[in-house]
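Below you'll find the structure, written out as structure tokens, and then a few comments.
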Protein chains: 2
Amino acid sequence: MLSAKMEDYLKAIYELQRESDEPVATSRIADLLDVTAPTATSMMESLAERGLVEREKYKGVRLTPEGETVALEVVRHHRLLETYLTEELGYDWAEVHDEADRLEHHISEEFERRVAEMLDDPAVDPHGDPIPTDALDPVDETAGTTLVEATEGDRLVVQRVSDRDPEELAYLDEAGIVPGTELVVEEVAPIGVVSVALADGEGTVSIPDAVARTIFVDATDGSTGSATEAA
Amino acid sequence: MLSAKMEDYLKAIYELQRESDEPVATSRIADLLDVTAPTATSMMESLAERGLVEREKYKGVRLTPEGETVALEVVRHHRLLETYLTEELGYDWAEVHDEADRLEHHISEEFERRVAEMLDDPAVDPHGDPIPTDALDPVDETAGTTLVEATEGDRLVVQRVSDRDPEELAYLDEAGIVPGTELVVEEVAPIGVVSVALADGEGTVSIPDAVARTIFVDATDGSTGSATEAA
DNA sequence: CTTAAGCATTAGATTCGTCTAATCCCACTC
DNA sequence: GAGTGGGATTAGACGAATCTAATGCTTAAG
């Protein structure tokens, strides 16, 4: 039996791992989970003993296939819950995260099954993030182009907003940047900010690179931009 | 902040306390929660230190008003969840207990609020047990007459089935003994079993006293039985 | 009034997840 | 190739919740 804590660490590693091919550093995990580095180190030892991560001292860890399966199960729970809370309980897109973060460790397979059924087996959650299937097959989380890669003049439609900071999320929501939004890239400034105009004339939003990296986009039909070619 | 474990103990004391006016014995708590007696003792020490129970060594404990409020909050969560799982997620009446037992500790006030609203602020859960109000006012859980107090010939309607054993519950469900069922008491045998006939002609069911004590009933209109007079 | 049976509690140890303080590696600079 | 800065790990401790084994109350029966 795996503790909720272990599930948290595995999910964290999963999230960090999709950012790059490098092994995940202890300090990143510690930061994300708000614990000290020694705590993360000792948990990595336990996870390695159980064969859930591969560890190279002083380098970092990587999920083993078994570890990834556990992570995918937790991620599936999380994203199904976010979808359910939004669709059925009227939660706001930006405020579901904490609730799902707690409940994801405590729902039964039965609950998962019923929720998935009620939602008609959704493929993505309200943020546009893909929901792992019941079979827990690996998902390509990096698929697609992000807003940092866009160039001026691109006409794009938002696919995913993978940001997880609730304040940032609420701001983007308020500004109208949600999955499905169409926008035009107005300026890609060399100081690390992208300005986009909402296609429905709702104004312009400036987005720093750190956030733009979490916004996945597709070209609108008829685009002449480079975003899609790069994908 | 209270741990989920502490909440579990407080709920257990609450459940046991409603069975009699005596202080609740350590061993009963230990049995109910499936831990050893020393474990229960040491938890009682912690709860007493926090002012959640009043403890008399070698005698037992009683919830303080603060302890009862915490217990009521947990019970409210539990019963709302049971209702929600049954009404909205299609769970069976008899199988909701475990799911609710885990989730009750992890839902937010926001979740509680939304669920209560969606269900239109229900007064009782699917077992007929009363759901504490949002204000967490004490509830009279012993209100009503139970099936052990019935006499032959009584025509009764089932109000609550407070049993918590899932197998027994499933059996009663299968047999048609659910809140709302009308029945006639056929025999009160001196060996500790009550036989009742379902009013809709679905046959007869024999119920041992231990179970009958968990079945709360009201007289049907026109009854000549003694059950209601006793109340 | 004594005593044995039956709970309850104390003693002491374990596991998990966490911390702080101390030490250790590694990579980069000079 | 020596030194140093910074992240990683080891050392040691702690609180929560649990266990087993030993001891201590309480009470009801003689």
Side-chain angles (χ1 to χ4, degrees), chain A residues 1-14 16-17 19-63 67 70-71 74 101-102 104-106, chain B residues 1-14 16-17 19-63 67 70-71 74 101-102 104-106:
Chain A
M1 243 301 77
L2 242 46
S3 70
K5 292 297 176 182
M6 283 185 167
E7 289 183 357
D8 270 336
Y9 282 91
L10 291 170
K11 187 177 68 156
I13 297 165
Y14 179 85
L16 292 168
Q17 197 163 277
E19 286 179 12
S20 91
D21 265 344
E22 299 302 301
V24 178
T26 307
S27 55
R28 312 261 352 250
I29 300 166
D31 278 4
L32 191 54
L33 295 180
D34 218 32
V35 296
T36 60
T39 301
T41 297
S42 90
M43 183 57 96
M44 290 312 104
E45 278 167 11
S46 314
L47 293 177
E49 263 171 33
R50 287 178 182 242
L52 296 167
V53 303
E54 195 135 334
R55 177 163 182 259
E56 229 185 315
K57 269 202 206 171
Y58 295 99
K59 291 287 175 51
V61 294
R62 254 185 246 278
L63 294 174
V70 174
V74 179
D101 251 3
R102 273 174 292 110
E104 65 191 7
H105 307 295
H106 304 289
Chain B
M1 244 301 77
L2 244 43
S3 71
K5 294 297 177 180
M6 284 184 167
E7 289 183 357
D8 271 336
Y9 282 91
L10 291 170
K11 186 176 68 157
I13 297 165
Y14 179 84
L16 292 168
Q17 197 163 277
E19 286 179 12
S20 90
D21 264 346
E22 300 301 301
V24 177
T26 308
S27 55
R28 312 259 356 247
I29 299 166
D31 278 4
L32 190 55
L33 295 180
D34 218 32
V35 296
T36 60
T39 302
T41 296
S42 91
M43 184 57 96
M44 289 314 103
E45 278 168 12
S46 313
L47 293 177
E49 261 172 35
R50 288 180 182 241
L52 297 166
V53 301
E54 196 135 331
R55 182 159 112 97
E56 230 185 315
K57 269 204 206 169
Y58 295 98
K59 290 286 174 51
V61 294
R62 256 185 243 277
L63 293 174
V70 174
V74 179
D101 251 4
R102 273 175 292 110
E104 65 191 6
H105 307 295
H106 304 288

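Order of the sequence lines sets the chain letters (A, B, ...), proteins ahead of strands, with each chain counted from 1.
Considering only residues two or more places apart in sequence or on other chains, A/His106 meets the ring-ring contact (aromatic ring centres under 6.0 Å, His included) condition with B/His106. When the side-chain hydrogen bond (donor to acceptor under 3.5 Å, both in side chains) test is applied to B/Gln17, no partner is found at least two apart in sequence or on another chain. Looking at residues two or more places apart in sequence or on another chain, you find a side chain to side chain contact (heavy atoms under 4.5 Å, CB included) between B/Glu19 and B/Leu16, B/Arg28. A/Lys59 meets the salt bridge (Lys or Arg N to Asp or Glu O under 4.0 Å) test with A/Glu56; sequence neighbours excluded. Residues forming a salt bridge (Lys or Arg N to Asp or Glu O under 4.0 Å) with B/Asp101 (at least two apart in sequence, or on another chain): B/Lys11.
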When the side chains of residues 36-50 of chain B are checked against the rest of the protein, which donor-acceptor pairs come out under 3.5 Å, sequence neighbours left out?
unit_1: B/Thr36; atom_1: OG1; unit_2: B/Thr39; atom_2: OG1; d: 3.0
unit_1: B/Thr41; atom_1: OG1; unit_2: B/Ala37; atom_2: O; d: 3.2
unit_1: B/Ser42; atom_1: OG; unit_2: B/Thr39; atom_2: O; d: 3.4
unit_1: B/Ser46; atom_1: OG; unit_2: B/Ser42; atom_2: O; d: 3.3
unit_1: B/Arg50; atom_1: NH1; unit_2: B/Met1; atom_2: O; d: 3.4

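For the OP1/OP2 pair of C/dC7 and a distance below 4.0 Å, the side-chain nitrogens and oxygens of B/Thr26 include no atom meeting the criterion.
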Just the atom pairs and distances: protein N or O near nucleotides 10-20 of chain D's N or O, under 3.5 Å.
unit_1: D/dT10; atom_1: OP1; unit_2: A/Lys57; atom_2: NZ; d: 2.8
unit_1: D/dT10; atom_1: OP2; unit_2: A/Glu45; atom_2: OE2; d: 2.9
unit_1: D/dA17; atom_1: OP1; unit_2: B/Ser3; atom_2: OG; d: 2.5
unit_1: D/dT18; atom_1: OP2; unit_2: B/Tyr9; atom_2: OH; d: 2.8
unit_1: D/dC19; atom_1: OP2; unit_2: B/Thr36; atom_2: N; d: 3.0
unit_1: D/dC19; atom_1: OP2; unit_2: B/Thr36; atom_2: OG1; d: 2.9
unit_1: D/dC19; atom_1: OP2; unit_2: B/Thr39; atom_2: OG1; d: 2.4

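B/Arg28 has its CZ atom 11 Å from the P atom of C/dA8, to the nearest Å. The CD1-P distance, from A/Ile29 to C/dT18, rounds to 13 Å in whole Å. Rounded to a whole Å, the CD atom of B/Glu22 is 15 Å from the C1' atom of D/dT27. To the nearest angstrom, C1' of C/dA8 lies 13 Å from CD of B/Glu56.
Nearest heavy atom pair, residue B/Tyr9 against residue B/Val35, reads OH-CG2, 3.7 Å.
Comparing the start and finish of the helix from C/dC1-D/dG30 to C/dC30-D/dG1, five pairs each, the helix axis swings through 20°, to the nearest 10 degrees.
Within the structure, no pair that satisfies the salt bridge (charged side-chain N to carboxylate O under 4.0 Å, His left out) test touches residues 29-44 of chain B, not counting sequence neighbours.
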